[in-house]
Amino acid sequence: MIGDGRFGRFGGFYVAEPLLPALEELEAAWLDAREDPAFRAELDGLLHDYAGRPTPLYRSPALSGAIGCHVYLKREDLLHGGAHKTNNTLGQGLLAKRMGRTRLIAETGAGQHGVATAMIGALLGLDVKVFMGATDVARQAPNVARMRLFGAEVVPVSDGSASLKDAINEALRYWTEHVRDTFYVFGTAAGPHPYPALVKDFQRVIGEEIAEQLERAHGRGPDVVVACVGGGSNAIGAFARFLGEPDVRLIGVEPGGHGLDSGAHGATLGAGRPGCVHGSLSYLLQDDVGQVREAHSISAGLDYPGVGPEHAHLLESGRATYISATDDEALDAFAWLCREEGILPALESSHAIAGALKLAGELDPDSILVINLSGRGDKDLAHAMAALEAR
Amino acid sequence: MTSRFEALAAARKAEGHGVFVPFLVIGDPDPDTSLRLARGLVQAGADALELGLPFSDPPADGPVVQAADQRSLAAGTTTTSALAWIGRLRETVDVPISLLVYFNLVLQHGVEAFYARCGEVGVDAVLVADLPPEHSDEVLAAARAHGVSTIYLASELSTPARLERIAAVCEGYVYALARVGVTGQHSEVVPSLGPALERMRAAIDLPLLVGFGISTPANVRSALEAGADGVIVGSALVRHIEHHLGDPDAMEAAMVHHARELHAATRRTP
């Protein structure tokens, strides 16, 4: 391995030996591709023509009024596929092709990453197998149907909590068994090196566009950037451009579930402690001896007991702040944005909106706050309607 | 100082035998039964034991060992209780013992405290499945301070550069993979094992014990013919626990019977 994959004391590549040659090969291919103008041009072309970049930066009157400053939504929900995940799967898909791999595998929670991988598999003519917790297969039926329509095989995983962490375990096992011809399209900025850095690389376009779009609209950058954090790929994509600008406040919103005191949540940074799972040192929800705890969130995409290692570093270095929004707060924000703006946010992204609403009255009226609206909520309709009706 | 595993492998080699190492998850299905099974395996001829600490999220293990981990955790096993269990086993069992763990358990126990306790209860070697040589400095220092060997995995995909890294830090034996994959998924010794073992032997001056995919006496003989110094058998034996849950006598009988067959396959044919 050329890099050590560290973000401060976090990160690294904590995997069993059979996977290390594959990770070394992936790192080499990625370092080579990112210096290759032809790779960049092909990726940029697809991001523009196939996926619809740049996505709009929309000034939301309702949110601006409610929070009391200029509030913008970065509309990753309008990206082809319905979420920011496409930025990453296009990049990794092209990398897989470049490496001569014929099969893609992916884990998925809400199904957005699975859909984005299935889409890219169809586009590039690669076989796709998606591992998905059995619980998530049940609560994300539209995305399961989309993956299958795109030609992917969806493998339900019933081990453990039958959600995202178990899907990752199973994908890692499958990858270990088929490492010679299989490319693991990791969905978030976590896992072993080089994934956290590689996924950040492919997602940083979000923050770069925010900077350009605000420059045109206001002649300056944002004061605050807010994004939801499960594994943390949309957040790191929105933050990356601004990490070197200490005046830009970066706020990650974790899933508070039934509340941090209830134990039923996914607030890894807010209530976990450093640990090692799925290939990197980061924060982790775990019991006293280090067994991984199950996370809970109304949103399948945030229902993960780990978090990307760079977020752990940004927390400890104080560069970013992490708060949480409960299931109820996220559901309120979901319904509120639908009614006020005619925009249907994903339940994941609804956490970012709920988190931003907590800043109401706190910011100077001239401030610019950007919320990364990481995905659209069509996939959540049945689940969200049932939760709203149950109130 | 030569480790007990190296001495063991040298002794068996001099006799023309292979080393037979069965694997169990500590506390599976419960601490007392598991103790009885471990003793039974030694009576069946185990030259050494490999013992797993149960972990909630073991991606290097297949379904059989994962289920064993779950049973053990449900029975209340913790790192502390598992190490105390080894202390109890040591009252009657003298063969070398290696532990198979995932890094988070070591980290949460405290690296120094973990290896100190391993040394106290008589653990000879520890393999941290998800800890590569590159991240091993703290673990190696603690292990050496307490007289514990640090084992690494090597596979046929390990590049010459990786084998060199492994050689620089590995002690006791190399856990050589019979096939690339996770534990217990296939009963198979791939034809490429021989050349892979040759490459490992050229790079690393330690005994090569082959595991992942060894479940039958025929597998054992193939691995030894391919150049292994011995075999590690896990899932195939652990499966007897699953099949005889609630009946410890039948469980032990089936496991010991299977272990005797595997053991016999490691002995030189007269």
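Everything numeric in this text was worked out from a predicted model, so none of it was measured. Within every chain, numbering begins at 1; the chains are lettered A, B, ... in the order of the sequence lines, protein sequences first and strands thereafter.
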Worksheet item: Does any heavy atom of chain A fall under 4.5 Å from the side chain of Pro63(B), the backbone, both, or neither of them?
Response: neither
Worksheet entry | Which atoms of Leu19(A) approach chain B - backbone, side chain, both or neither, heavy atom under 4.5 Å | neither
Worksheet item: Between Gln66(B) and chain A, which part of the residue has a heavy atom less than 4.5 Å away: side chain, backbone, both or neither?
Response: side chain
Discussion item. Taking Pro132(B)'s backbone N and O only, do any of them form a donor-acceptor pair with Ser136(B)'s side chain (distance below 3.5 Å, no angle check)?
Written reply: yes
Worksheet entry | Residue among Glu170(A), Lys165(A), His278(A) with most heavy-atom pairs under 4.5 Å to chain B | Lys165(A)
Worksheet item: Is it true that a side-chain atom of Arg144(B) and a backbone atom of Thr150(B) form a donor plus acceptor pair closer than 3.5 Å?
Response: no
Item to complete: Assign the ring pair His193(A) / Phe13(A) to parallel, tilted or perpendicular, where the plane angle (0 to 90°) is split at 30° and 60°.
Response: tilted
Discussion item. As an exercise, state the distance from CG of Asp136(A) to CG of Asp303(A), rounded to the nearest 0.5 Å.
Written reply: 6.5 Å
Discussion item. Does any backbone or side-chain atom of Val179(A) lie under 4.5 Å from a heavy atom of chain B? Answer side chain, backbone, both or neither.
Written reply: side chain
Practice prompt. Give, as side chain, backbone, both or neither, the part of Asp287(A) having an atom under 4.5 angstrom from any heavy atom of chain B.
Written response: neither
Worksheet entry | Interchain contact, Ala154(B) with chain A, by part (heavy-atom threshold 4.5 Å) | backbone
Worksheet item: Using non-hydrogen atoms only, which part of Leu107(B) is less than 4.5 Å away from chain A: side chain, backbone, both, or neither?
Response: side chain
Discussion item. Heavy-atom pairs under 4.5 Å with chain A: which of Gln70(B), Arg165(B), Glu134(B), His109(B) has the most?
Written reply: Glu134(B)
Worksheet, complete the sentence: Comparing Arg162(B), Arg179(B), Glu156(B) against chain A, the one with the most heavy-atom pairs below 4.5 Å turns out to be Arg162(B)
Discussion item. Quick one, Ser280(A) with Tyr195(A), criterion side chain to side chain donor-acceptor pair (under 3.5 Å). Give me CA distance, side-chain angles, the key distance, then yes/no.
Written reply: CA-CA 10 Å; Ser280(A) 61; Tyr195(A) 284 109; over 6 Å; no
Practice prompt. Decide whether Glu120(B) and His146(B) meet the rule of one side-chain donor and one side-chain acceptor closer than 3.5 Å.
Written response: no
Discussion item. I'd like to know whether CD of Glu112(B) has more than 12 heavy-atom contacts from other residues, nucleotides or ligands below 6.0 angstrom.
Written reply: yes
Practice prompt. Heavy-atom pairs under 4.5 Å with chain A are the metric here; pick the option from Leu73(B), Thr79(B), Thr78(B) that has the most.
Written response: Leu73(B)
Worksheet item: Which bit of Val277(A) is near chain B, if near means a heavy-atom gap under 4.5 Å: side chain, backbone, both or neither?
Response: side chain
Worksheet, complete the sentence: Greatest number of non-hydrogen atom pairs under 4.5 angstrom with chain A, of Asp61(B), Thr80(B), Asn104(B), falls to Asn104(B)
Worksheet entry | Contact leader toward chain B among Met1(A), His178(A), Arg6(A), where contacts are heavy-atom pairs under 4.5 Å | Arg6(A)
Item to complete: Please look at Pro274(A) and chain B and tell me whether the side chain, the backbone, both or neither of the residue comes under 4.5 angstrom of a heavy atom of that chain.
Response: backbone
Worksheet item: For Ala60(B), is it the side chain, the backbone, both, or neither that has a heavy atom closer than 4.5 Å to a heavy atom of chain A?
Response: side chain
Worksheet item: Any side-chain heavy atom of Leu177(B) sitting closer than 4.5 Å to one from Pro18(A)?
Response: yes
Item to complete: Could you tell me whether Asp205(B) atom CG has more than 12 heavy atoms of other residues or ligands within 6.0 Å of it?
Response: no
Discussion item. Using modelled atom types and a 3.5 Å cut-off, is there a donor and acceptor pairing between side-chain atoms of Asp229(B) and backbone atoms of Leu208(B)?
Written reply: yes
Worksheet entry | Options Arg180(A), Glu17(A), Glu24(A), ranked by heavy-atom pairs under 4.5 Å with chain B, top entry | Glu17(A)
Practice prompt. Below 4.5 Å from any heavy atom of chain B, which atoms of Leu281(A) appear? Answer side chain, backbone, both or neither.
Written response: side chain
Worksheet item: In this structure, which one of Ile97(B), Leu99(B), Leu131(B), Val139(B) forms a side chain to side chain contact (heavy atoms under 4.5 Å, CB included) with Val126(B)?
Response: Leu99(B)
Practice prompt. May I ask you to name which of Asp288(A), Leu172(A), Asp166(A), Val289(A) has the most heavy-atom pairs under 4.5 Å with chain B?
Written response: Val289(A)
Worksheet, complete the sentence: Okay, Arg293(A) and chain B: the region with an atom under 4.5 Å from a heavy atom over there is neither
Item to complete: Carefully, step by step, assess Gln92(A) and Leu198(A) under the rule side-chain contact (heavy atoms from CB on, under 4.5 Å).
Response: CA-CA 9 Å; Gln92(A) 290 197 42; Leu198(A) 181 154; 3.6 Å; yes
